[in-house]
Amino acid sequence: EAQVTQNPRYLITVTGKKLTVTCSQNMNHEYMSWYRQDPGLGLRQIYYSMNVEVTDKGDVPEGYKVSRKEKRNFPLILESPSPNQTSLYFCASSPRDPANGYTFGSGTRLTVV
Amino acid sequence: SQKIEQNSEALNIQEGKTATLTCNYTNYSPAYLQWYRQDPGRGPVFLLLIRENEKEKRKERLKVTFDTTLKQSLFHITASQPADSATYLCALDETGANNLFFGTGTRLTVIP
């Protein structure tokens, strides 16, 4: 089944403890992206990647890191999480031609206490 | 500043009627615009894409229009059903590089 897999689905962590949210897609998509979703603010892009080793900042990159060493994986790293990073996170992927839109993962609900 | 506004946060409609959702944008020149459906706690699901040189696109009970002069897209669901109840998001890409910016969504409730 064609899909974007994020792990974990739920995570509660403490301020300052480094964490990684994994994202993997099995569709050979060039394009991958991370979004956070907060009530009233909608989906805001954190980082995106147009291909292996090519990443760029989105609207809200502060406090996050990403890497794209392989085409299928695009992990999101929070080096020192803070409570304002409590949010619902989505990974998405797309082929170069946008005709079929993005495929989103199921989301990771992160709580930083 | 750049804005994507879906000007109804919530919309209630009677089953069988046509639901019309609006997406307006400011200070963007989109290459194309997309519509997604999102159910609570789930990731958005792609519905339709319309390009800047297209006026209208249809898919089953769904219809999207795109007016680059008005800077507006309308999303219609005809013969609405309770199963259509969800949040609908519009998203646009300026560069054609597949970098999407999203509106905050309209929560549609179809009442039986």
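Below, chains carry the letters A, B, ... as their sequence lines are ordered, and counting in each starts from 1.
For B:Leu48, no part lies near chain A; criterion is any non-hydrogen pair under 4.5 Å. Contact annotation for A:Leu43: both backbone and side-chain heavy atoms come within less than 4.5 Å of a heavy atom of chain B. In this structure, the portion of A:Ser106 lying under 4.5 Å from any heavy atom of chain B is its backbone and not its side chain. Contact annotation for B:Glu9: neither backbone nor side-chain heavy atoms come within less than 4.5 Å of a heavy atom of chain A.
By the rule that hydrophobic residues join a cluster once side-chain heavy atoms approach within less than 4.5 Å of another member, B:Leu33 and B:Tyr28 end up as members of one cluster. Both B:Ile13 and B:Leu21 belong to a single network of hydrophobic side chains, linked directly or stepwise wherever heavy atoms of I, L, V, M, F, W or Y lie under 4.5 Å apart. A:Phe74 and A:Val4 are members of different hydrophobic clusters when ILVMFWY side chains are connected at heavy-atom separations under 4.5 Å. Residues A:Tyr64 and A:Met50 fall into different hydrophobic clusters, defined by Ile, Leu, Val, Met, Phe, Trp and Tyr side chains chained together at heavy-atom separations under 4.5 Å. Placement of A:Tyr35 and A:Ile46 in two distinct hydrophobic clusters is found when ILVMFWY residues are connected by side-chain heavy-atom separations under 4.5 Å, directly or transitively.
The side-chain heavy atoms of B:Gln38 and A:Phe90, taken from C-beta on, include a pair separated by under 4.5 Å. A heavy-atom distance below 4.5 Å is not found between the side chains of A:Pro98 and B:Asp93. A 4.5 Å side-chain heavy-atom check between B:Leu100 and A:Tyr48 finds every atom pair outside the cut-off. For the pair A:Asp59/B:Phe101, a side-chain contact is recorded, criterion being any heavy-atom separation below 4.5 Å from C-beta on.
More than 12 heavy atoms of other shown residues, nucleotides or ligands fall within 6.0 angstrom of atom CD in B:Gln14. Atom CZ of B:Arg42 has 12 or fewer neighbouring heavy atoms from other residues, nucleotides or ligands inside a 6.0 Å radius.
Summarising the geometry, atom CD belonging to B:Gln34 is positioned 9.5 Å from atom CG belonging to A:Asn100; distances are rounded to the nearest 0.5 Å. Interatomic distance, CZ of A:Arg44 versus CZ of B:Phe102, reported as 14.0 Å (0.5 Å rounding).
Separation of the A:Phe104 and B:Phe46 ring centroids does not fall under the 6.0 Å cut-off.
Considering all non-hydrogen atoms of both residues, A:Tyr102 and B:Tyr36 come closest at N-OH, 2.8 Å.
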